[in-house]
Amino acid sequence: METLKLSVYEEESINKAAQILKDGGIVAIPTETVYGLAANACDEDAIKKVFEAKGRPQDNPLIVHIDSIDMMEKVAKNIPEKAYICAKKFWPGPLTMVLESSGYVSEKVSAGLNTVAVRMPADETARKIIAAAKLPLAAPSANVSGSPSPVSYQHVLNDLNGKIDAVIMGERCRVGVESTVISVTGDNARLLRPGAVTKEMLSEIFPDIIIDKAILTEPEKDQKVASPGMKYKHYAPKGELYLIEGNSENYCRFVNNKNDGVAVCFKEEANNIDVKTFVYGNENNEESMAYRVFEILRDLDKENINKAYVHAPGKSGVGLAVYNRLIRACAFKVIKL
Ligand code: TXA
Ligand code: MG
């Protein structure tokens, strides 16, 4: 099929995208986190197309994107009070809440679970498309399953051109890593995937928030995980990657001594490194790392890099999200200096 390219700067694009979605098509849309591959969450055939285009395992559920609390109340039931508090504080924005499903969206979206993940994106184009279609939109990241998430429409086209009905050619995503995912039950929550809404921010609402083990450790074979997405090797470039934990001085010495791969490092240390460098952010600025991390992982492939040593970020704030993506990209190969 030919993928229709719709400019975000043309008013008509919103209505065109909405019509394609109402007709059961699949459209890549910008969000503030990463690009999403959207489909009508109530249309089983459309959802099947999403899984097929991405090559996504059938047991990995999709996030439903909404534009109002009314829509949340349609797709979910028995919504805890604290979920409303989170919605008020963090929506529209990069937070996804796993709630009890009402059965309104297709079973395929929940991949057999009795829950549904909902998020109200901050990106205006995304919300305009939801409003124009008057539909909850299931939208996983618009990449081929397993490859780095797309933060620009060019990344989407690299992966999915010819496999999807349309793409909105919008701005580059401003956050750069996918939304924070929490499951909310009663008064407490469990952090399933870290993102730009940090565990520190969530702790103000959930002082006892549980940090799921799968965030920082490799799930054992056949282990049941709370968020199925966490069990797959993810975001992985083709080369071999190592995550290096240690201070700047030790990291630079390590890569210079090894001398058999490139360095994925911070701007401040690049001058002290003798091998080729890929700068993915500024030291002590986790947001800058989140912004660049997926792009850098794609760049490694573009330049046919077969070995890279990645300087690990700290694990506080948005650093936890960056660390979580990198440890997967490195297939859990960590070297502590
Ligand atoms: O920022 C984002 O969340 C992006 C943009 C497009 O909104 N979307 C995204 O979707 O990252 P995806 O499909 O790549 O990741 C969804 C994650 C997976 O880890 C999945 O397992 C988890 O959310 N998830 C979805 N529904 C769930 C559920 N009912 N219970 C537990 N985890 C769920
Ligand atoms: Mg994804």
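Order of appearance sets the numbers: ligands from 1, and atoms from 1 within every ligand. Predicted model only: the values in this text are computed from it and were never measured. The figures that follow rest on heavy atoms only: side chains count, while hydrogens, waters and symmetry mates do not.
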Visitor: Would you please name every residue forming a salt bridge (charged side-chain N to carboxylate O under 4.0 Å, His left out) with D159, sequence neighbours left out?
Guide: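 Partners of D159 under the salt bridge (charged side-chain N to carboxylate O under 4.0 Å, His left out) test: R298.
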Visitor: Within a distance under 4.0 Å of any heavy atom of A117, pick out the atoms of ligand 1 and give their elements.
Guide: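 Counting atoms of ligand 1 from 1, those under 4.0 Å from A117 are 25 (C), 26 (N), 27 (C).
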Visitor: Which of the numbered atoms in ligand 1 are below 4.0 angstrom from a heavy atom of H65?
Guide: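 Per the distance check, 5 (C), 6 (C), 7 (O).
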Visitor: Would one find an N or O of R193, backbone or side chain, under 3.5 Å from an N or O of ligand 1?
Guide: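 It does: an N or O of R193 is found under 3.5 Å from an N or O of ligand 1.
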Visitor: Which heavy atom in P136 sits nearest to a heavy atom in Y104, and how many Å separate them?
Guide: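 It is CG-CE2, 4.1 Å.
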Visitor: Using a 4.0 Å cutoff against the non-hydrogen atoms of G36, which atoms of ligand 1 qualify?
Guide: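 This gives 6 (C) as the contact atoms.
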Visitor: Excluding sequence neighbours, so at least two apart, what forms ring pair (Phe, Tyr, Trp, His ring centres under 6.0 Å) with F294?
Guide: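 F294: ring pair (Phe, Tyr, Trp, His ring centres under 6.0 Å) contacts with Y235.
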Visitor: With a 4.0 Å heavy-atom cut-off (strictly under), which part of T115 contacts ligand 1: side chain, backbone, both or neither?
Guide: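 T115 to ligand 1: contacts from backbone and side chain alike.
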Visitor: Calculate, to the nearest 0.5 Å, the distance between atoms NZ and OG belonging to K128 and S13 respectively.
Guide: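 It is 10.5 Å, given to the nearest 0.5 Å.
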Visitor: With R172 as the cation and Y291 as the aromatic partner, state whether NZ or CZ is under 6.0 Å from the six-membered ring centre and within 45° of the axis.
Guide: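 Yes, R172 and Y291 form such a contact.
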Visitor: Determine whether more than 12 heavy atoms belonging to other residues, nucleotides or ligands lie under 6.0 Å from atom NZ of K89.
Guide: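 Enclosed.
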Visitor: Can you find an N or O of Y35 that's nearer than 3.5 Å to an N or O of ligand 1?
Guide: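 No; the residue has no nitrogen or oxygen that sits under 3.5 Å from a nitrogen or oxygen of the ligand.
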Visitor: With a heavy-atom distance limit of 4.0 Å, tell me whether L62 approaches ligand 1 through its side chain, its backbone, both, or neither.
Guide: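 For L62, only backbone atoms sit under 4.0 Å from ligand 1.
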Visitor: Using a 3.5 Å cut-off on N or O atoms only, is T31 in polar contact with ligand 1?
Guide: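 In this structure, T31 places no N or O atom under 3.5 Å from an N or O of ligand 1.
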Visitor: In terms of atom number and element, which parts of ligand 1 are under 4.0 angstrom from non-hydrogen atoms of A139?
Guide: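 By the 4.0 Å cutoff, the relevant atoms are 6 (C), 8 (N), 10 (O).
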Visitor: If you draw a 6.0 Å radius around CD in E107, do more than 12 non-hydrogen atoms from other residues or ligands fall strictly inside?
Guide: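 Atom CD in E107 is not crowded, with 12 or fewer foreign heavy atoms closer than 6.0 Å.
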Visitor: Kindly state whether the ring of F266 and the ring of H311 have centres lying under 6.0 angstrom apart.
Guide: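 Yes - the distance between ring centres of F266 and H311 falls below the 6.0 Å cut-off.
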Visitor: Applying a heavy-atom cut-off of 4.0 Å, say which part of R56 lies close to ligand 1: side chain, backbone, both or neither.
Guide: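 Within the 4.0 Å criterion, R56 contacts ligand 1 through side-chain atoms alone.
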Visitor: Which atoms of ligand 1 have any heavy atom of N60 under 4.0 Å away?
Guide: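 With N60 as reference, the close atoms of ligand 1 come out as 18 (C), 20 (C), 21 (O).
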Visitor: What's the shortest heavy-atom distance between F278 and I296, and which atoms?
Guide: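 The answer is CB-CD1, 4.0 Å.
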Visitor: When clusters are formed from ILVMFWY side-chain contacts under 4.5 Å, directly or step by step, what else is grouped with I273?
Guide: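 Members alongside I273: Y242, I244, Y251, F254, V255, V275, Y309, I335, L337.
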Visitor: NZ of K315: more than 12 outside heavy atoms within 6.0 angstrom?
Guide: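 For K315, atom NZ is crowded (more than 12 foreign heavy atoms under 6.0 Å).
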Visitor: Tell me whether the count of non-hydrogen atoms from other residues, nucleotides or ligands lying under 6.0 Å of CD in E200 goes above 12.
Guide: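 It does: E200 CD has more than 12 such atoms within range.
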Visitor: Show which atoms of ligand 1 fall inside a sub-4.0 Å distance from at least one heavy-atom site of S141.
Guide: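 Those of ligand 1 that fall under 4.0 Å from S141 are 8 (N), 9 (C), 10 (O), 12 (P), 14 (O).
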Visitor: For the Mg ion (ligand 2), state how many protein N, O or S atoms fall inside a distance shorter than 2.8 Å.
Guide: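 There are 1 of them.
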